[in-house]
2 protein chains.
Amino acid sequence: MDNKLPTLKEIARRLKFSVSTVSRALHDHPSIGLRTKMQVKQLAKELNYEPNQTALFFKQQKTHTIGVILPNLKEEFFSQAINGIEDVAKINKYSVLIGQSHDDIDQEKQIAIAMKNQRVDGLIVSISKHTKNYDHFISLRKYNIPVVFFDRVPDLPTVHKVASNFNTGTKQAIEFLITKGHRRIGVINGPEEMKSSKERIITYMEVLQKKRIKIDLSLIVTTDLTQVKTFEAMKNLLDLKYPPTAILTINDYVALDAIQYARKSKLKINKDISFVSYANLPIINYLEFPPLASVEQYPYEQAKKATEILFDLFNADNIPDEEEKKYHNILIEGQLIIHKK
Amino acid sequence: MDNKLPTLKEIARRLKFSVSTVSRALHDHPSIGLRTKMQVKQLAKELNYEPNQTALFFKQQKTHTIGVILPNLKEEFFSQAINGIEDVAKINKYSVLIGQSHDDIDQEKQIAIAMKNQRVDGLIVSISKHTKNYDHFISLRKYNIPVVFFDRVPDLPTVHKVASNFNTGTKQAIEFLITKGHRRIGVINGPEEMKSSKERIITYMEVLQKKRIKIDLSLIVTTDLTQVKTFEAMKNLLDLKYPPTAILTINDYVALDAIQYARKSKLKINKDISFVSYANLPIINYLEFPPLASVEQYPYEQAKKATEILFDLFNADNIPDEEEKKYHNILIEGQLIIHKK
DNA sequence: AAAAATAGAACAAACGGTTGCGCTGATTTT
DNA sequence: AAAATCAGCGCAACCGTTTGTTCTATTTTT
């Protein structure tokens with residue numbers, strides 16, 4: 001097993017050139033003669049020479065790797081997001097290191113530290129549903145590791161982030177339900193820590209006020225996204241004296257659980273009770289009783305944009321510190337998708 | 001921005017020790033005095049010293065990173081598999097680099113090359129559904145990068161692999177259908193390139209023969225896993241003079257499409273026609289008309305086992321080449337899960 | 001023909017850490 | 001008291017590549 005990979009030194013030895021000459025030859029440096037250049041290149045090709053990336057990473061203090069931290073990959077939202085990240089990374093010849101927090105703050109911290117130590121050049125993050133403290137990300141600034149958040153973003157002005165504009169989608173969703181004749185619209189919201197949860201409620205109230213529909217706070221319940229809590233939330237809604245005729249749920253997975261609960265309660269979906277949610281999962285197409293509509297949040301586009309910003313930051317780093325360093329804060333418009341059926 | 005990370009050199013300078021002393025002190029080398037050791041460790045802690053991984057990777061010619069190549073992450077099967085890989089990697093303090101082939105052979109090759117250049121220490125692979133040629137993986141041997149395949153594995157004796165034992169699951173599935181009274185059992189199989197496709201048919205025939213049920217080859221159709229082809233396959237089956245009363249599909253996604261088609265054809269699921277498939281996706285639980293049963297293939301366990309083998313190989317590499325180098329070939333037993341409903 | 005300019009290549013340092021070996025002064029052995 | 005031992009630390013090489021500087025012919029200029 002002659003497992004030794006060819007190095008510049010090896011090429012230099014065979015051709016009786018110096019290592020530096022070989023290096024420059026391969027880089028088409030002007031101070032290398034044509035003959036030499038040809039010889040070097042040919043031998044390099046013969047030997048299948050590939051620069052040792054670990055040496056380069058070390059030398060350049062760059063790893064050409066971006067880290068991605070997100071709650072999990074099993075939600076299709078995030079696996080689609082990965083595609084957006086990968087695509088941009090590939091264009092820039094970067095690799096992607098992925099870590100799942102599984103919505104656990106400690107794991108999130110641990111991964112962030114591991115990625116710092118691995119010397120990733122930058123980080124794309126969608127925070128866990130319980131994260132309230134962002135120190136483990138903020139501290140990366142000391143190491144010049146830029147961080148761009150997407151989808152689940154911290155509620156801080158001093159970070160780069162790309163998120164869905166829940167406002168628009170929520171507005172469309174509620175108006176859609178009102179148009180369909182619904183007046184008692186329930187909401188199964190996410191944990192209060194999540195920025196999107198607050199925004200959803202604000203928009204919900206705004207729309208109802210404008211349409212002069214009385215707001216009933218008992219119609220607003222929360223779930224931590226687990227099935228158990230969603231069932232509880234549904235029970236609370238259905239046990240009301242005047243239960244809602246339509247429910248807005250924080251995402252499609254919650255909607256699925258909610259629908260399941262409604263069916264167990266012998267309710268006719270889309271007749272006794274209708275659902276609208278967020279995410280627009282492909283799986284919806286296979287359901288017998290899907291939500292009436294979903295707010296598409298374009299995970300691919302969000303993640304892609306976040307990654308593009310990250311690469312901008314890599315370059316901006318070289319630019320002398322502008323005093324007023326701008327923080328990117330992009331909103332991707334959601335879009336209500338009405339499911340035909 | 002004092003972005004300079006602390007180095008051994010920095011610690012040595014401040015304490016007026018040599019770099020080597022500092023290095024050894026941090027590693028509890030016996031030839032370093034207690035006083036010195038304490039001083040060094042304290043300052044290291046104060047400065048938040050962390051060894052520069054890129055330097056270590058370079059020096060040790062190891063990246064402590066394993067590469068994973070799989071068709072895609074949006075199939076829950078694979079995102080669960082990732083968890084198995086991550087868990088084992090974490091125990092061994094390894095990072096995980098992920099690449100999706102999107103079932104495209106060229107992308108698969110490209111990723112394999114990129115990972116080789118990144119100097120991953122080893123590779124976990126589930127091949128694309130069209131891959132017939134394995135040179136891009138075999139050639140990694142030259143670079144001493146071990147490869148372990150899982151789930152979708154090459155049909156070669158000279159590779160390490162972990163796969164599902166389709167035999168058992170398929171047998172259970174068909175016998176289950178026969179017990180339910182079905183005599184005309186259709187199969188929507190995968191592309192012939194896939195090893196599992198062949199095995200499925202063999203078992204199918206064996207079971208039918210044993211049960212003395214006549215084999216009708218027109219009941220066996222194939223799909224490339226796309227919806228279009230699955231619909232075509234379904235059409236072929238349903239247009240038969242004596243269409244099947246039950247269908248075995250290669251996986252749950254195909255089953256979903258097949259069920260959708262059957263419903264469009266006004267067939268009553270689980271009455272006019274029943275389905276059994278492979279994978280046992282969680283989503284099944286939300287369906288109104290799920291397959292009767294699914295063969296669970298334990299992606300987490302498969303991937304975990306594959307990764308454990310990979311780490312074994314890392315160590316085995318140091319052992320002098322045994323002439324008879326064994327190739328791992330693990331089969332994980334599938335298990336038919338009958339969906340209650 | 002001597003001086004200046006230039007092309008083409010070599011030298012050497014640097015990135016940060018590990019490690020075999022050698023050095024020094026103190027302690028123990030004979 | 002001289003010799004041997006040893007604890008404790010420094011020196012230097014090395015991993016592969018890049019790059020600023022220097023060197024050496026050769027060519028061009030005057």
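A note on names: the letters A, B, ... follow the listed sequences, proteins ahead of strands, and every chain is numbered from 1. Just so we're clear, the structure is a prediction, and the values are computed from it rather than from any experiment.
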**Prompt:** Closest nucleotide of DNA chain D for A:N52 versus for B:K59: which of these residues is on the 5' side?
**Reply:** B:K59

**Request:** Hey, could you give me the CG/NE2 distance between B:N92 and B:H64, rounded to the nearest 0.5 Å?
**Result:** 10.0 Å

**Asked** Taking atom C1' of D:dT18 as reference, at what distance in whole Å does atom OH of A:Y49 sit?
**Response** 10 Å

**Message:** Once you apply a heavy-atom cut-off of 4.0 Å, does A:Q60 come out as touching a base, just sugar-phosphate, or nothing?
**Reply:** nothing

**Asked** Does B:S20 get its side chain close enough to the base of D:dC11, under 3.5 Å, for a donor-acceptor pair?
**Response** yes

**Prompt:** Do we see a donor-acceptor contact under 3.5 Å between the side chains of A:Q107 and B:K90?
**Reply:** yes

**Asked** Separation of A:L26 atom CG from D:dT19 atom P, in whole Å?
**Response** 13 Å

**Message:** Tell me whether the side-chain N or O atoms of B:R13 pair up with the base of C:dG16 as donor and acceptor below 3.5 Å, since no angle test is needed here.
**Reply:** no

**Prompt:** Whole Å only: how far is the CD1 atom of B:I32 from the C1' atom of C:dT19?
**Reply:** 12 Å

**Asked** So what does B:K16 touch, heavy atoms closer than 4.0 Å: a base, only the sugar-phosphate, or nothing?
**Response** sugar-phosphate

**Item:** Value in whole Å for how far the C1' atom of D:dG16 lies from CG of A:L56
**Value:** 8 Å

**Prompt:** So what does A:F57 hit on the nucleic acid, given a heavy-atom distance under 4.0 Å: a base, only sugar-phosphate, or nothing?
**Reply:** nothing

**Request:** Would you confirm whether B:T63, through its side chain, and B:R119, through its main-chain N or O, come within 3.5 Å as a donor-acceptor pair?
**Result:** yes

**Asked** Should the ring pair B:F150 and B:F77 be called parallel, tilted or perpendicular, given that the plane angle runs from 0 to 90° and is split at 30 and 60?
**Response** parallel

**Prompt:** Taking atom P of D:dC11 as reference, at what distance in whole Å does atom CZ of B:F17 sit?
**Reply:** 13 Å

**Item:** Sugar-phosphate only, base, or nothing, as touched by A:T7 at under 4.0 Å among non-hydrogen atoms
**Value:** sugar-phosphate

**Any N/O donor-acceptor pair, B:R24 side-chain to C:dG17 base, under 3.5 Å** = no

**Message:** Under 4.0 Å, counting only non-hydrogen atoms across every strand here, what does B:H27 touch: a base, just sugar-phosphate, or nothing?
**Reply:** sugar-phosphate

**Message:** Using heavy-atom distances to pick each residue's nearest nucleotide on DNA chain D, tell me which of B:R119 and B:V22 is more 5'.
**Reply:** B:V22

**Item:** D:dG16 phosphate, OP1 or OP2, under 4.0 Å from B:Q61 side-chain N/O
**Value:** yes

**Message:** Under 4.0 Å from OP1 or OP2 of C:dT18: is there any side-chain N or O of B:S23 that close?
**Reply:** yes

**Request:** Name the nucleic acid region contacted by B:T54, choosing base, sugar-phosphate or nothing; use a 4.0 angstrom heavy-atom cut-off, strictly under.
**Result:** nothing

**Message:** Rounding to an integer number of Å, can you tell me how far B:K9 NZ sits from C:dG17 P?
**Reply:** 9 Å

**Prompt:** OP1 or OP2 of C:dA10 sitting under 4.0 Å from any side-chain N/O of A:T21?
**Reply:** yes

**Whole angstrom value for the distance that separates C1' of D:dC6 from NE2 of B:H29** = 14 Å

**Request:** From the options D:dT18, C:dG16, D:dG16, select the nucleotide whose nearest atom is closest to the side chain of A:A55.
**Result:** D:dG16

**Prompt:** Should the pair A:Y94 and A:F314 be assigned to parallel (<30°), tilted (30 to 60°) or perpendicular (>60°) ring geometry?
**Reply:** parallel

**Asked** Does the side chain of A:T131 pick up a donor-acceptor pair with the side chain of A:E108 at under 3.5 Å?
**Response** yes

